[in-house]
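These notes concern the structure reproduced below.
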Amino acid sequence: MADLDSSRVYDCADVPALDFDPFLRESLSRAPVSRIRVPHGDGDCWLVTRYDDVRFVTSDPRFSRDILGRSAPRMTRHTIPLDRAVSYADPPEHARVRAVVAPAFSQRAVDRLRGPAQALLDRLIHDLEGAGPPADLVQYVISPFPLEIIGEVLGVPAADRPLWREWTQVIFTRVHDEAAAARVKRVKESARDYFRALAALRRVAPRDDLMSAMAAAVAAGRIDEDELLALATLLQLNGWHAVRNNAANMVYALLTHEGLADRLRERPSLVPQAVEELLRWVPHKHAIGQPRVATEDVEVGGVLIRAGEFVYVSYVAANRDERVYDHPDRIDFERRGPQHVAFGHGPHYCVAPMLARMEAELLLSNLVTRFPRLRLAVPADEVSWQTDVVIRGPVGLPVAW
């Protein structure tokens, strides 16, 4: 058993386009369980990168997500979830809160959404065609598509959804000074106030939406109001930001890797497999998420992690583990092997993976079939990328067809 005490500094510098973070690549090959120092908070922490070790840490109850009140090492000056977010809860409390929203993201619920989602996509593609070519695919299709869908699921009025797009951009920024951190705090307070008012409306006049279900759960004592506010905010933030950037990354990959889009045109039945492979391959998560704390001494990958020490895992690195995936840097739509961990693992596995998959499948299948000559309207190296955000993605995708 090794007990490593040296640490490396990980500041998560922005890397070009969809390049795999060289720090994570080195960690995978040379130090899969290692001490690192991150920009904010006190002290060092552990970084776990290999597939099997990541799955172990994220499913073992000795690693707790209940870190509120602790001075944990952090990648940013602020924390993204609200204080009572399910992100900070361990079982069984985590399961209690999650159970309130899980039915809204079941396979049956997502299947009911597919028709309305296709109709929405038809309208957005019509707008894209009217604006170009060339036109910005992110502006006209990829960004509004998940924003409208998660808004419908939650019950956020259409007129308010652009406001949530602005708030999300602020909250998911990796701030570097106190003024920016204060701005994030104000936006998070505005988000709480917004959902508090919306929940009050739904208690008086419930509708067929998730906010009404959550408001009813508060009235029944299944969750409290702070848990509702944190949960609704997290769903709205991730339901747009993560899907918007992941989808844009997928399309960029299709348009910059020769033959991939043609492969899907020739075999449309490959789209679900393509989505899974792109979820594995795209380095969507910038930085390393939220830490856990060891509640007792635990050995991980031959390394002793002591009680009270903080541990980060990298799902992005785990998805490129060559001990699990042959030629992991290659995009292979017919890849066989273990399920990727792009949606996480263990109790904190994403609550809405089926919705995210459905949105990605519709986007890719519609784009490759409706636009057989779809291409970037600018050289790939002229595509602008968001900087200092938690989940990476292009600012826009100018395309022609």
Side-chain angles (χ1 to χ4, degrees), residues 1-12 20-75 79 81 86-95 98 280 283 285-326 328 337-350:
M1 181 188 302
D3 189 356
L4 306 183
D5 58 7
S6 59
S7 62
R8 301 170 296 157
V9 176
Y10 181 44
D11 198 11
C12 191
F20 184 39
D21 189 327
F23 186 96
L24 296 180
R25 186 182 295 280
E26 181 185 15
S27 296
L28 262 176
S29 62
R30 297 181 56 188
V33 182
S34 61
R35 296 287 284 180
I36 63 170
R37 182 174 293 272
V38 292
H40 304 284
D42 298 329
D44 294 349
C45 53
W46 293 97
L47 175 62
V48 176
T49 53
R50 282 186 178 163
Y51 182 89
D52 290 339
D53 295 336
V54 165
R55 285 168 57 92
F56 172 74
V57 169
T58 53
S59 59
D60 192 295
R62 293 173 293 178
F63 294 101
S64 170
R65 290 286 286 265
D66 183 8
I67 61 170
L68 288 176
R70 299 172 181 262
S71 183
R74 302 189 311 275
M75 294 300 300
T79 57
V86 70
S87 310
Y88 298 123
D90 291 329
E93 292 302 294
H94 171 269
R98 184 184 174 109
R280 182 199 67 83
K285 178 80 76 174
H286 203 69
I288 45 179
Q290 182 176 314
R292 291 165 170 80
V293 62
T295 59
E296 58 183 83
D297 292 358
V298 188
E299 182 182 345
V300 180
V303 175
L304 180 64
I305 296 176
R306 300 189 184 278
E309 293 182 331
F310 292 96
V311 184
Y312 280 94
V313 301
S314 173
Y315 294 121
V316 168
N319 282 334
R320 295 293 187 98
D321 188 347
E322 63 183 6
R323 305 199 319 175
V324 175
Y325 302 105
D326 291 333
Q339 177 67 42
H340 61 75
V341 287
F343 291 120
H345 181 67
H348 286 273
Y349 184 77
C350 174

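Since the model is a prediction, treat every value here as computed from it, not as a measurement.
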Test Ile67 against Arg65 for side chain to side chain contact (heavy atoms under 4.5 Å, CB included), laying out the working first.
-> CA-CA 6 Å; Ile67 61 170; Arg65 290 286 286 265; 5.8 Å; no
Basic-acidic side-chain contact under 4.0 Å: Asp52, Arg50 =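 No, no charged N to carboxylate O under 4.0 Å.
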Measure across [X] and [Y] and return the closest heavy-atom pair with its distance rounded to 0.1 Å.
X	Y	answer
Val48	Val54	O-CG2, 3.5 Å
His94	Pro91	CB-N, 3.9 Å
Ala307	Asp297	N-OD1, 2.9 Å
Ser27	Leu47	OG-CD2, 4.0 Å
Gly301	Val33	CA-CG2, 4.4 Å
Arg74	Tyr312	CA-OH, 3.4 Å

Does CZ belonging to Arg70 count more than 12 external heavy atoms closer than 6.0 Å?
-> no
CD (Glu26) with more than 12 external heavy atoms under 6.0 Å = yes
Anything under 30° is parallel, anything over 60° is perpendicular, the rest tilted; go ahead and classify Tyr10 against Phe23.
-> parallel
Do you see a donor-acceptor pair shorter than 3.5 Å between the side chains of Ser34 and Arg8?
-> yes
Taking [X] for its side chain and [Y] for its backbone only, find out whether a donor-acceptor pair lies under 3.5 Å.
X	Y	answer
Gln290	Ser87	yes
His40	Ala72	no
Asn319	His340	no
Thr49	Pro32	yes
His345	Ser59	no

Given the options Val341, Val57, Ile288, Val313 meets side-chain contact (heavy atoms from CB on, under 4.5 Å) only with Val57
Rounded to the nearest 0.5 Å, what separation is found between the [atom1] atom of [X] and the [atom2] atom of [Y]?
X	Y	atom1	atom2	result
Leu28	Arg323	CG	CZ	9.5 Å
Trp46	Ile36	CH2	CD1	11.0 Å
Asp90	Thr295	CG	OG1	8.5 Å
Tyr88	Asp66	OH	CG	10.5 Å
Arg280	Asp321	CZ	CG	10.5 Å
Asp42	Arg37	CG	CZ	9.0 Å

Please assess Phe63 against Val293 for the test side chain to side chain contact (heavy atoms under 4.5 Å, CB included), listing each intermediate value before the final yes or no.
-> CA-CA 5 Å; Phe63 294 101; Val293 62; over 6 Å; no
Within 45° of the axis and under 6.0 Å from the centre of the six-membered ring of Phe310, does NZ or CZ of Arg292 qualify?
-> no
Under a 4.5 Å cut-off applied to non-hydrogen side-chain atoms, are Tyr315 and Phe343 in contact?
->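 A side-chain contact is absent here, since even the closest heavy-atom pair is not under 4.5 Å.
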Are side-chain heavy atoms of Cys45 and Glu309 found at a separation under 4.5 Å?
-> no
